[in-house]
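Below: one structure, written as structure tokens.
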Amino acid sequence: MTGERPDPGRPRIFLESVIIVNYQFTAIEKKWQQRWREEKTFSCETGGSKPKFYGLVEFPYPSGAGLHVGHARPYTAMDVVARKKRMDGYNVLFPIGFDAFGLPTENYAIKNHIHPAKVTHDNIENFSRQLHMLGYSFDWDRVVNTTDPSYYKWTQWIFLQMYKHGLAYKATMPVNWCTSCKCVLANEEVVEGVCERCGSPVIRKEKSQWMLKITAYAQRLIDDLDELDFIERVKIQQRNWIGRSTGAEVTFKATTGDDIVVFTTRPDTLFGATYMVLSPEHALLKKWLEAGLLKNAGEVTAYQAAAASKSDLERTELNKEKTGVCLDGVKGVNPVNGKEIPIFISDYVLASYGTGAIMAVPAHDDRDWEFAKKFGCDIVEVVSGGEDVQKAAFTAKDETGILVNSEFLNGLTVKDAIPVITQWLEEKGIGKAKVNYKLRDWVFSRQRYWGEPIPMVWCDKCGWQPLPEDQLPLLLPEVDSYEPTDDGESPLSKMTDWVNTTCPCCGGPARRETDTMPQWAGSSWYFLRYMDPHNDKALASKEALQYWSPVDWYNGGMEHTTLHLLYSRFWHKFLYDIGVVPTKEPYQKRTSHGMILGLNPHSFVNLSEAEQKELMEEHGGEEGAKQFLREKYGEMADHPIVKMSKSLGNVVNPDDVIREFGADTMRVYTMFLGDFEKAAPWQTNAVKGCKRFLDRVWNLATEQAHSGEEYSPANEAAVHKAIKKVSEDIEAMKFNTAIAALMALVNDFYANGASRGDMKALLLLLSPFAPHICEELWEIMGFAAETGSMACQQGWPEYDESKTVAATVQMAVQVGGKVKANIVVPAEASDQEIVDAALAEPKIVKLADGMTLVKSVVVKGRLVSLIFKPKA
RNA sequence: GCCGGUGUGGUGGAAUUGGUAGACGCAGCGGACUCAAAAUCCGCCGGGGGAAACCCUGUGAGGGUUCGAGUCCCUCCACCGGCACCA
């Protein structure tokens, strides 16, 4: 093999007398990408005798910035999995598409006066180019695009089914309003009081909105998690977000005769309820104010107004100091003891949770305690076992607390008292057991242009009417301006030709809904469309849904746990209920990748040695240099690893990496840079280590002679071990150690020489990670001609457990738990033989002088531990 | 405050789940090749002691269990992520 090579397209470069041997990755990668594309190597059919595997990655939002390394990590990982599954003999569906509706495109369109559809089209082109350049084995015949009318027809269809089943409804309520996007946001889209997307303040605004009743599925969304193979932190985060709590609803009477229903998780503390609190928005306040029952009406209305004007941010920021007003003229009555107690209004009670009213038990709730101290309310202990309740609330719910001052509950533990009091309340007809969730219904309309039109029509006579299904898709009309309006209406509202229509019910004049759907709509069911993307009769055929469901493995970002992942589980459950899809859950397995971070160029440790030296000289040592950087760049300078950002100039563009090192190197490095599940920094400096590795593979294959179709004796154990390691690591997403094992194998081959059989195994194991170079070498070494197919079409190599161990093994000998010597013994040696060999080792003989062996522990293949004691 | 996670060389990270800590890379140092550089190849590379064989020490801190602890238990510290007045 030395010297001659079959393909003249890969010349050696002669530079004076030195030979530079490098594989020409640009040409090779292009060649194979083209071939995979032309031969449709990775297209799959629905059905067949092979077992199916559906691997899914989150489809990208085609932004103008193009693909970034943050996409490459999960995509490469799932591509490795998909390629291996094919070699394992599965019929693999590994699709890609574009989640293309959304604000950034719309904003870009507004700024540059280009139609969002054009912007979307161009961005998708660019993304597709980049995805091809990385050699991903997507089925390009199944690409979906959420902005395509043939796609969003079905998004609208699902909405109509929800409407028909009472899960979509219009309601006027205070909603989150982003002051910059001029658009409402779902609760999930508000982060720390600001807009998740643009960071602008979010205020409350009364608006009529389409809502989806996700709360109807709250319990099932919790319960069904148990059967799924999701990583634990995803399950925990979803459970916390849904926020189930059990307790009781209790009806208190007001002195006006009105009922005030409160929700409590601690009905056992009812005897300690010494006051009540209503949220400032509570409906009874309006009634009492209008009836003139409140002597301090001015104070009450002023407080209500102040609470209403607060943004979410202010409300959370001000939560340290509690505020409130005591109602003058109306009191509540504690139903268990008939005592009259004061009623306050305070914004620490939320209108949107429970009943918007609470009974306050300051002795056993921190918030109530704090409020009671400030407003001088009574604090009555009803659970003993804590410290003095005048000094702090005692909130333990376990067995440490015993009920006191509570008549028939006295002497019970908290746990035992809850069912007793709940039953008592039910018998008296003043309360009942109740479950509450933090989850709210999903605010589903957006006052923007670039989204799916909501297929609803308003008729003054007939009310809201769904568009007949045969009129779908309801196309997004062309408009002159995509600018959102300041009055909070969608740009579509100005399109009178489009807005004015006839009522599907009575035929009279009617108006279309002008709000559009949120970005999360299209992504809530896209994985179903991949199963049958060109179907115009249904969102997908029954056969396709039956065959491919559920997604076997879905990898995506943690940031979608309480957004897309929860929404799509909800939609899927609904579709299951109406008989459209065959499974209760969309995804069997969910994993999550860590973020790719960047190095902070302003951090001392990331500077070159020369720069460090210079700074240390200028500023008097390391501490001085660090102090200087801190003053110049702020606290950030202390963090060597940070998020990639344009302002720091540490953003890595995949195009650049591919140009300089090739797609295979990019893929290998992306998988090698750290634990897949954890955040890890991109270190441009370290990329060349992976390039070197691939160069070594290339040189090994092309510069050395290989004979023998079997594994060579010197490498056999190493090859079997590597097959085992790489196979297991891919399944467990431990890609970094899989690559480390392949590097070690190549090092072995360099040391021992490699047979053709050895090389064949190496190329197959490496091919999911570095598919282009492996295909090329597969061809060069003649394997393609022998098998008549590509490396990616071969069976995955198998290993023999018994051959993963060498004939002899080295074992450590410990005395008193410390390693004192090493012995080499046959792999199948018995425990006794191992102990004998250890005792025969000269160093151990020396240590054992004058001692008796009292105990020995043998760990096969690892070590033998000996415990001696002095001879008596 | 609550929930989850992490802490290992100069650096990214390994460690068969209780079994020889630092695999595999990057950086660095030394050598070979070269007029030279790059590339490549070989070697060294936690700290301390020793001429060496070796010895001591070492996984955020402190205790414990064990023949044996990065891994398990208790206490504490630091950082990251999520939720946050949810009654």
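- Checking each of A/Val719, A/Ile723, A/Leu766 against A/Leu745 for a side-chain contact (heavy atoms from CB on, under 4.5 Å) leaves exactly one that passes, namely A/Val719.
- Between A/Lys818 atom NZ and B/C54 atom P there is a gap of 17 Å when expressed in whole angstrom units.
- Using atom P as the reference point in both B/C74 and B/C56, the two lie 32 Å apart (nearest Å).
- Within 6.0 Å of NZ in A/Lys374 there are more than 12 heavy atoms belonging to other residues, nucleotides or ligands.
- In this model, no donor atom of one side chain and acceptor atom of the other lie less than 3.5 Å apart for A/Arg440 and A/Thr215.
- Atom NZ of A/Lys860 sits in a crowded spot, with more than 12 heavy atoms from other residues, nucleotides or ligands closer than 6.0 Å.
- Only the C1' atoms considered, B/G25 is 38 Å distant from B/U75, to the nearest whole Å.
- With the 3.5 Å cutoff on both pairing distances, Watson-Crick and G-U pairs in RNA chain B assemble into runs of at least 3 at B:1-7 with B:77-83, B:10-12 with B:24-26, B:28-32 with B:40-44, B:46-49 with B:54-57, B:60-64 with B:72-76.
- For the OP1/OP2 pair of B/A15 and a distance below 4.0 Å, the side-chain nitrogens and oxygens of A/Lys734 include at least one atom meeting the criterion.
- Between A/Gln237 and A/Ala679, the residue whose closest nucleotide on RNA chain B is further toward the 5' end is A/Ala679.
- In summary, the side chains of A/Tyr437 and A/Ser245 do not present any donor paired with an acceptor at a separation below 3.5 Å, with no hydrogens or angles considered.
- When the C1' atom is compared between B/C3 and B/G47, the two are found 39 Å apart, to the nearest whole Å.
- Atom CG of A/Leu278 is separated from atom C1' of B/A87 by 13 Å (rounded to the nearest Å).
- In this structure, CD in A/Glu660 is found 8.5 Å from OG1 in A/Thr684, a value given to the nearest 0.5 Å.
- The minimum heavy-atom distance between A/Gly272 and A/Val382, with the atom names listed, is N-CG1, 3.5 Å.
- Between A/Phe371 and A/Phe344, the ring planes are perpendicular. Angles over 60° get that label, and only those under 30° would be called parallel.
- Phosphate contact (OP1/OP2 of B/G7, side-chain N/O of A/Lys678, threshold under 4.0 Å): absent.
- For the C1' atoms, the distance from B/A69 to B/C79 is 24 Å, rounded to whole Å.
- The shortest distance between the side-chain N/O atoms of A/Tyr348 and the OP1/OP2 oxygens of B/A87 is not below 4.0 Å.
- Comparing the same atom, P, in B/G60 and in B/U11 gives a spacing of 14 Å after rounding to whole Å.
- Under 3.5 Å, the side chains of A/Asn747 and A/Arg696 contain a donor-acceptor pair of N or O atoms.
- In this structure, A/Ser245 reaches the sugar-phosphate backbone alone: every heavy-atom distance under 4.0 Å involves primed, P, OP1 or OP2 atoms, never a base.
- With A/Tyr348 as the aromatic partner, A/Lys322 meets the cation-pi criteria of under 6.0 angstrom to the ring centre and within 45 degrees of the ring axis.
- What separates NZ of A/Lys846 from P of B/A53 is a distance of 14 Å, to the nearest Å.
- Spacing between B/G18 and B/G13 at atom P, rounded to whole Å, works out to 24 Å.
- Sorted by residue number, the members of residues 434-442 of chain A with any non-hydrogen atom under 4.0 Å from RNA chain B read A/Lys438, A/Arg440.
- To the nearest angstrom, C1' of B/C54 lies 14 Å from CG of A/Asn822.
- Residue A/Ile236 is classed as a sugar-phosphate contact, given heavy-atom separations below 4.0 Å to backbone atoms only.
- The interatomic distance linking A/Arg233 (CZ) with B/G5 (C1') rounds to 8 Å, in whole Å.
- Residue contacts for A/Asp366: at a heavy-atom cut-off of 4.0 Å it reaches no nucleic acid atom on any strand shown.
- Side-chain contact annotation: A/Asn752 with A/Asn715, donor-acceptor N/O pair under 3.5 Å present.
- Taking atom C1' in both B/C85 and B/U71, the straight-line distance is 40 Å, to the nearest Å.
- Considering only side-chain N and O atoms, A/Arg862 lies under 4.0 angstrom from the phosphate OP1 or OP2 of B/U20.
- Among the protein residues, A/Gly816 comes within range of the sugar-phosphate backbone only, with heavy atoms under 4.0 Å from sugar or phosphate atoms but none that close to a base.
- Comparing B/A84, B/C85, B/G13 by their closest approach to the side chain of A/Pro681 singles out B/G13.
- Nucleic acid contact class of A/Gln810 (heavy atoms, under 4.0 Å, all strands): base.
- How far OG1 of A/Thr274 is from CG of A/Asn334: 9.0 Å, rounded to the nearest 0.5 Å.
- Put simply, CZ on A/Phe252 is 16 Å from P on B/A87, counting in whole angstrom units.
- An anti base is found at B/U16: its glycosidic angle is more than 90° from 0.
- Separating the CG atom in A/Leu270 from the CD1 atom in A/Ile418 is a distance of 11.5 Å, to the nearest 0.5 Å.
- Across B/U20, B/C80, B/A87, the shortest atom-to-atom separation from the side chain of A/Val349 is found for B/A87.
- Closest contact between the side chain of A/Asn240 and the listed nucleotides B/C67, B/C3, B/A87 involves B/C3.
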>> Return a single string for nucleotides 25-30 of chain B, one symbol per nucleotide in 5' to 3' order, where B is base contact, S is sugar-phosphate-only contact and - is none, cutoff 4.0 angstrom on heavy atoms.
In response: SSS---
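- Along RNA chain B, the nucleotide nearest A/Tyr750 and the nucleotide nearest A/Asp675 are compared for position; the residue whose nucleotide lies closer to the 5' end is A/Asp675.
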>> Between A/Phe693 and A/Phe672, is the ring-ring contact (aromatic ring centres under 6.0 Å, His included) condition met? List the steps.
In response: CA-CA 12 Å; A/Phe693 165 58; A/Phe672 185 63; 8.4 Å; no
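- A straight line from CG of A/Leu839 to C1' of B/C67 spans 14 Å, rounded to a whole angstrom.
- Taking atom P in both B/G70 and B/G22, the straight-line distance is 12 Å, to the nearest Å.
- Here B/G13 presents its P atom at 14 Å from CE of A/Met671, a figure rounded to the nearest Å.
- Residue A/Gln814 places a side-chain atom within donor-acceptor reach of the base of B/G19, judged by atom type and a 3.5 Å distance cut-off alone.
- Between A/Ser865 and B/G19 there is no side-chain polar atom (N or O) within less than 4.0 angstrom of OP1 or OP2.
- A/Asn736 has a side-chain polar atom (N or O) that falls below the 4.0 Å cut-off from OP1 or OP2 of B/A14.
- For B/G7, the O4'-C1' to base torsion is more than 90° from 0; the nucleotide is therefore anti.
- Applying the 6.0 Å contact sphere to CE of A/Met558 captures more than 12 heavy atoms from other residues, nucleotides or ligands.
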